[in-house]
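To start, the structure under review is shown below, and the notes come after it.
Bear in mind the structure is a predicted one, so any value in this text is a computation, not a measurement.
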Amino acid sequence: MRVLVVEDEELLADAVATGLRREAMAVDVVYDGAAARERVDVNEYDVVVLDRDLPLLHGDDVCRHIVELGLPTRVLMLTASGDVSDRVEGLEIGADDYLPKPFAFAELVARVRALGRRATTALPPVLERAGIRLDPNRREVFREERRVQLAPKEFAVLEVLMRAEGSVVSAEQLLEKAWDENTDPFTNVVRVTVMTLRRKLGEPPVITTVPGSGYRIGQ
């Protein structure tokens with residue numbers, strides 16, 4: 001899942017981003033509304049965690065811009081105000097969910113994951129395919145009855161492949177969904193991560209390379 005965090009309190013923004021990355025999400029961070037608008041124009045995000053009171057361009061205007069673009073991106077709006085009228089106004093301009101500050105990080109993660117599921121075709125909370133069972137909420141992976149310990153990026157790549165339901169996922173798509181914008185697009189990090197993932201999942205291999213196209217998980 002790829003997430004954009006937009007928050008002008010830099011310490012809070014960086015702390016949220018670090019926590020979400022530990023949950024195997026790819027996270028970009030900006031600190032003002034103008035930069036947020038630029039990012040959503042060029043990158044595909046599953047969820048935008050959007051502070052409402054932003055410098056340069058108000059969070060409401062960023063939200064309206066996302067809606068106008070017709071993107072499947074979901075918006076979780078943050079605000080220091082807990083007034084019902086503010087929450088209603090935020091939802092009316094196009095936000096999908098609303099979270100007042102201060103908030104519990106566990107609740108933020110749960111809301112981001114729920115919105116991420118809504119940004120794509122609805123799938124069961126626990127993904128199963130080819131003898132692999134992946135639980136995004138618990139961050140657990142099993143092959144048959146064997147627990148598989150994965151690093152965050154390995155987990156993220158496997159989740160993208162599982163959500164594709166057997167369709168081919170290109171290296172570029174994996175890079176887009178599992179890494180942030182600072183990753184060198186010419187790196188071999190995807191190939192290396194897939195190789196490590198195959199080894200950890202064990203025999204027989206469940207991840208197939210489709211020459212010239214990408215990777216897929218069979219039935």
Side-chain angles (χ1 to χ4, degrees), residues 1-4 17 19-28 42-49 71-74 76 96 109-219:
M1 182 188 304
R2 189 164 185 184
V3 179
L4 175 64
L20 293 178
R21 288 177 183 131
R22 288 173 180 163
E23 296 293 324
M25 301 181 197
V27 185
D28 297 333
V42 298
N43 296 324
E44 294 183 7
Y45 294 103
D46 298 296
V47 179
V48 175
V49 179
L71 301 174
T73 303
R74 302 298 180 178
L76 172 59
D96 298 280
V109 171
R111 289 177 182 267
V112 169
R113 287 205 177 279
L115 289 176
R117 290 194 296 270
R118 289 164 55 188
T120 57
T121 303
L123 292 172
V126 177
L127 306 175
E128 297 189 54
R129 190 172 189 84
I132 305 296
R133 188 169 76 256
L134 182 146
D135 187 333
N137 294 321
R138 296 177 180 271
R139 290 206 54 230
E140 293 179 343
V141 175
F142 290 85
R143 179 160 191 184
E144 306 302 343
E145 299 303 318
R146 177 175 66 89
R147 176 82 178 267
V148 182
Q149 298 288 349
L150 298 179
K153 289 303 179 192
E154 295 160 3
F155 187 95
V157 167
L158 181 60
E159 183 175 0
V160 173
L161 292 172
M162 294 282 282
R163 289 190 180 280
E165 297 189 288
S167 298
V168 176
V169 182
S170 70
E172 291 77 14
Q173 289 171 317
L174 287 173
L175 201 63
E176 173 78 20
K177 290 292 186 181
W179 280 268
D180 61 36
E181 64 183 0
N182 296 316
T183 304
D184 181 356
F186 299 104
T187 183
N188 66 347
V189 65
V190 172
R191 181 174 61 83
V192 171
T193 302
V194 170
M195 288 174 58
T196 304
L197 185 54
R198 279 194 182 116
R199 176 176 54 79
K200 289 186 176 182
L201 291 174
E203 298 292 338
V206 294
I207 300 176
T208 302
T209 299
V210 181
S213 297
Y215 307 93
R216 65 186 294 270
I217 292 181
Q219 297 290 343

Does the pair V157 and V190 meet the rule for a side chain to side chain contact (heavy atoms under 4.5 Å, CB included), with working shown?
CA-CA 8 Å; V157 167; V190 172; 6.0 Å; no
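- Residues L201 and R146 come closest through the heavy atom pair O-NH2, 2.7 Å.
- Annotation: R22, atom CZ; neighbour count of heavy atoms from other residues, nucleotides and ligands within 6.0 Å does not exceed 12.
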Under the side chain to side chain contact (heavy atoms under 4.5 Å, CB included) rule, what do V189 and L175 come out as? Steps first, then yes or no, please.
CA-CA 9 Å; V189 65; L175 201 63; 3.9 Å; yes
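- Using a cutoff of 4.0 Å between basic side-chain nitrogens and carboxylate oxygens, E44 and R2 are not scored as salt-bridged.
- In this structure, the separation between CZ on R139 and CG on L134 is 9.5 Å, given to the nearest 0.5 Å.
- Looking at heavy atoms from C-beta onward, E172 lies out of side-chain contact with E176 at the 4.5 angstrom threshold.
- Of all the heavy atoms in W179 and T193, the pair that sits closest is CZ2-OG1, 3.5 Å.
- A 4.5 Å side-chain heavy-atom check between V169 and K177 finds every atom pair outside the cut-off.
- K200 has its side chain out of reach of Q149: every pair of non-hydrogen atoms, C-beta onward, lies at least 4.5 Å apart.
- Contact annotation: the side chain of Q173 never approaches that of V160 to less than 4.5 Å [non-hydrogen atoms, C-beta and beyond].
- The shortest non-hydrogen separation linking D96 to T73 is OD2-O, 4.2 Å.
- Minimum interatomic distance between E154 and T196 (heavy atoms only, all atoms of both residues): OE2-CG2, 3.2 Å.
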Step by step, would you call R143 with V206 a side chain to side chain contact (heavy atoms under 4.5 Å, CB included)?
CA-CA 10 Å; R143 179 160 191 184; V206 294; 3.3 Å; yes
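- Here CZ of R163 is found 11.0 Å from CG of L158. Values are rounded to the nearest 0.5 Å.
- Distance CZ/R216 to CG/L161: 10.5 Å, rounded to 0.5 Å.
- Residue R113 holds its CZ atom at 5.5 Å from CE of M1, rounded to the nearest 0.5 Å.
- Of all heavy-atom pairs spanning A26 and A178, the tightest one is CB-C, 3.4 Å.
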Tell me, with the steps shown, if L197 and Y215 meet side chain to side chain contact (heavy atoms under 4.5 Å, CB included).
CA-CA 12 Å; L197 185 54; Y215 307 93; over 6 Å; no
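- The line from CD of E203 to CZ of R198 is 10.5 Å long, rounded to the nearest 0.5 Å.
- The minimum heavy-atom distance between I207 and I217, with the atom names listed, is CG1-CG1, 4.1 Å.
- A distance of 11.5 Å separates CG in D46 from CG in L71, rounded to the nearest 0.5 Å.
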